[in-house]
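Numbering starts at 1 and runs along the sequence shown. Each ligand, and each atom within it, is numbered from 1 in the order the structure gives. Note that the structure is predicted; figures quoted are calculated from it, not measured.
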Amino acid sequence: MNSLKSLLVGAATIRIVLGQFCEHQWSGKFAAHDVDGVPYLRARQNTPAPPLEIQPLIVSGPTSNRVNFLFLGDGYTEDEKDKFFVDALYLANNVTDGQTFVDVTPLMNFWAGFSPSAESGVGTYGTPRDTVYGLYRDGTELRGLYYDKPQVARAACQSTDTCDYPILLGNDPFYGGLGGTFTVTTASPNSGPAVLRHELGHSIIGVGEEYDGGEVYEGVNAARTPTTAPWTQWFTDASAEPKVERSVMPIQAYPWTLLNVSQAWSQKFSSAGTYATHLLQVSVSGMTASEDLRVDIDGEDVGWEINPAVGVDRYIYNIDIDEPLAPGEHEITVTLLNEELEGTAQLCNLEVLEYGSEEEFNFDPTYHGLYPTFSSSNRTTYRPTNDLCLMRSTYTGNFCSACIEGLWISLLSSVSLVDNVTQIAAADGSTNVTLELLPLAQFRQGPYPRAEGYEITWYGADEGVVLAEYANSTSALIAADTEEFGVEVRFWTEQVRVDEDDVLVFKERYAVV
Ligand SMILES: *[C@@H]1O[C@H](CO)[C@@H](O)[C@H](O)[C@H]1NC(C)=O
Ligand SMILES: *[C@@H]1O[C@H](CO)[C@@H](O)[C@H](O)[C@H]1NC(C)=O
Ligand SMILES: *[C@@H]1O[C@H](CO)[C@@H](O)[C@H](O)[C@H]1NC(C)=O
Ligand SMILES: *[C@@H]1O[C@H](CO)[C@@H](O)[C@H](O)[C@H]1NC(C)=O
Ligand SMILES: *[C@@H]1O[C@H](CO)[C@@H](O)[C@H](O)[C@H]1NC(C)=O
Ligand SMILES: *[C@@H]1O[C@H](CO)[C@@H](O)[C@H](O)[C@H]1NC(C)=O
């Protein structure tokens with residue numbers, strides 16, 4: 001599968017996208033990587049590939065007709081080889097088992113490629129350890145995870161046909177990641193899957209963010225104006241659109257600051273006071289208990305409580321406050337209460353959103369309409385759903401309908417519906433032609449809850465002649481003395497409503513051999 005590689009080669013902008021994170025503060029860092037030559041996968045180079053031991057994780061078909069995802073382990077020593085394969089399988093399962101890519105898994109293969117690192121783990125304070133790809137954090141904060149040896153990663157990817165999408169997997173239990181040519185994630189049980197699926201969403205579907213405070217809003221889930229949404233086919237109530245759901249973001253902040261007990265972090269903001277409810281989103285790391293931290297608005301405790309499953313890893317908290325903000329000035333205060341956490345407790349980012357009344361803002365999670373999204377510079381674009389999509393909500397495992405449709409279109413434009421066509425001559429001179437199709441519809445393994453199907457049409461020697469008796473059959477008998485025949489396969493799924501480029505259609509004529 002090569003077309004996706006070329007797609008990546010064309011993608012000169014490497015986005016640092018970490019889900020409600022603060023990628024814009026990294027543009028300098030990012031630029032440095034870019035100038036150093038963030039590697040396009042096919043660029044020629046002299047760096048030799050590391051020794052790669054590749055194991056299949058989830059394989060649905062031949063590499064030549066699947067989109068292949070290869071985990072490349074970094075910071076796993078020879079002794080940690082088994083751990084690497086376990087970590088990679090956990091991630092591959094997580095993004096295909098009942099969520100995220102479950103519908104399109106038959107178009108994907110997941111592989112894991114092990115190369116031993118001399119040292120275990122990932123680097124900190126900008127210094128990589130002695131590892132295969134040199135992953136490191138900038139400080140100790142749970143944020144970007146960068147690579148020091150892109151040329152080695154590229155060589156590894158080039159050395160195998162299992163690598164349309166390389167994923168650098170850092171042997172580290174905490175949040176960290178990076179988007180772009182190489183998706184970077186960690187073995188964090190909580191954040192690893194979230195980072196991976198979000199970054200793959202960017203790379204595969206070619207969409208930007210849906211969360212507020214990002215830089216790039218583009219693709220099938222983004223509109224610059226309410227009348228230019230590319231997802232009108234998914235509107236829940238087309239007759240009501242374009243109706244923008246009423247909300248506003250009066251404050252967003254990216255402190256990324258270590259907290260201390262001597263002085264609280266605080267910032268003022270103002271509200272028009274014309275909304276019905278509001279929400280405070282705050283992301284912190286390094287917390288151990290609900291008593292460690294207090295978050296106030298105007299001196300009133302908003303009731304922050306730790307998510308105990310996450311421990312000291314980074315987590316994004318959403319606190320709904322079912323009352324309006326009064327008109328005028330307000331202040332958010334974040335106070336560290338546990339002195340022992342100084343040096344690790346960190347305030348990453350926060351924002352407040354205000355919502356109109358229930359008539360003005362549809363909170364139904366599956367409602368597809370027009371929701372305003374606010375960029376890092378408070379520019380408004382529109383997204384299809386409120387919080388349904390993992391391109392907005394880090395901890396949901398699913399895409400909205402517009403993104404799933406985009407996912408199908410993108411993957412199917414890189415693979416063929418037909419895995420194989422075989423011709424077998426019969427004694428009477430006729431030819432038995434058999435198609436092997438992608439394992440979708442009736443060829444899926446196990447039950448599948450959505451409506452989808454194949455429609456198959458065979459044509460005889462004359463392009464216009466339909467061989468009606470073989471309609472919807474994966475094989476046909478072509479009469480003796482016939483020199484050529486044709487076949488058309490149409491795949492349909494309830495998840496694709498618009499297929500402008502006919503990527504759900506396969507049509508070919510063959511000579512009888
Ligand atoms: C995927 O990982 C998340 C944690 O990030 C976990 O809550 C969820 O249960 C996992 N799901 C599957 C299907 O493995
Ligand atoms: C964003 O713009 C809206 C509308 O102009 C304004 O009400 C809001 O306060 C702004 N938010 C920020 C964070 O600047
Ligand atoms: C304590 O935290 C506050 C708020 O983030 C900051 O302004 C101050 O510089 C910090 N003090 C020390 C000693 O780090
Ligand atoms: C196609 O089918 C033939 C006959 O079964 C087999 O020999 C060949 O390996 C198959 N090719 C692919 C790409 O699966
Ligand atoms: C072939 O299957 C499609 C559904 O995939 C169906 O709509 C069509 O009627 C079928 N054609 C015949 C001739 O049975
Ligand atoms: C073609 O051969 C296959 C495999 O032997 C068989 O299952 C199928 O029924 C044949 N097709 C026709 C139309 O006879």
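- Contacts between Y395 and ligand 1 below 4.0 angstrom, taking non-hydrogen atoms only, are absent altogether.
- In terms of protein heavy-atom proximity, atom 11 (N) of ligand 2 is nearest to M249 O, 2.7 Å.
- In this model, a donor atom of one side chain and an acceptor atom of the other lie less than 3.5 Å apart for H198 and E209.
- Between F182 and the options Y165, Y146, Y147, Y133, a ring pair (Phe, Tyr, Trp, His ring centres under 6.0 Å) holds for only Y147.
- Shown here is Q442, whose CD atom has more than 12 heavy atoms of other residues, nucleotides or ligands within 6.0 Å.
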Tell me, with the steps shown, if F71 and F69 meet ring-ring contact (aromatic ring centres under 6.0 Å, His included).
CA-CA 7 Å; F71 290 95; F69 297 80; 8.5 Å; no

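- The single protein non-hydrogen atom nearest to atom 5 (O) of ligand 1 is N190 O, 2.9 Å, given as residue, atom name and distance.
- Taking a 4.0 Å cut-off on heavy atoms, P193 registers as neighbouring ligand 1.
- Under a cutoff of 6.0 Å and an axis angle of 45°, R197 and F101 do not form a cation-pi pair.
- Atom numbering of ligand 1 starts at 1 in the shown order; those under 4.0 Å from a heavy atom of P189 are 4 (C), 5 (O).
- At under 3.5 Å, a nitrogen or oxygen of N260, whether backbone or side chain, sits near a nitrogen or oxygen of ligand 3.
- For a threshold of 3.5 Å applied to N or O pairs, the pair formed by N93 and ligand 1 contains no separation below that value.
- Protein heavy atom in closest approach to atom 9 (O) of ligand 2: P250 CA, 3.7 Å.
- Between Y371 and F361, the two ring planes are perpendicular [angle over 60°; tilted spans 30° to 60°].
- Interface atoms of ligand 2 facing V248, defined by a heavy-atom separation under 4.0 Å, are 3 (C), 7 (O).
- Heavy-atom neighbours of R224 CZ from other residues, nucleotides or ligands within 6.0 Å: at or below the threshold of 12.
- Looking only at protein heavy atoms, the nearest one to atom 1 (C) of ligand 2 is N378 ND2, 1.4 Å.
- Classification of D419 and R66 as a salt-bridged pair holds, one side-chain N sitting under 4.0 Å from a carboxylate O.
- Shown in contact with A264 at under 4.0 Å from a heavy atom are these atoms of ligand 3, numbered in order with element: 4 (C).
- In this structure, atom 7 (O) of ligand 1 has no protein heavy-atom contact shorter than 4.0 Å.
- SG atoms of C403 and C389 are separated by 2.5 angstrom or more, inconsistent with a disulfide link.
- The nearest heavy-atom contact from the protein to atom 14 (O) of ligand 1 is N94 ND2, 3.0 Å.
- Nearest non-hydrogen protein atom to atom 13 (C) of ligand 1 is D97 O, 3.6 Å.
- Ion pairing between R129 and E119 fails under the 4.0 Å rule for side-chain N and carboxylate O.
- Checked against a 3.5 angstrom limit, the closest N/O atoms of S191 and ligand 1 fall outside it.
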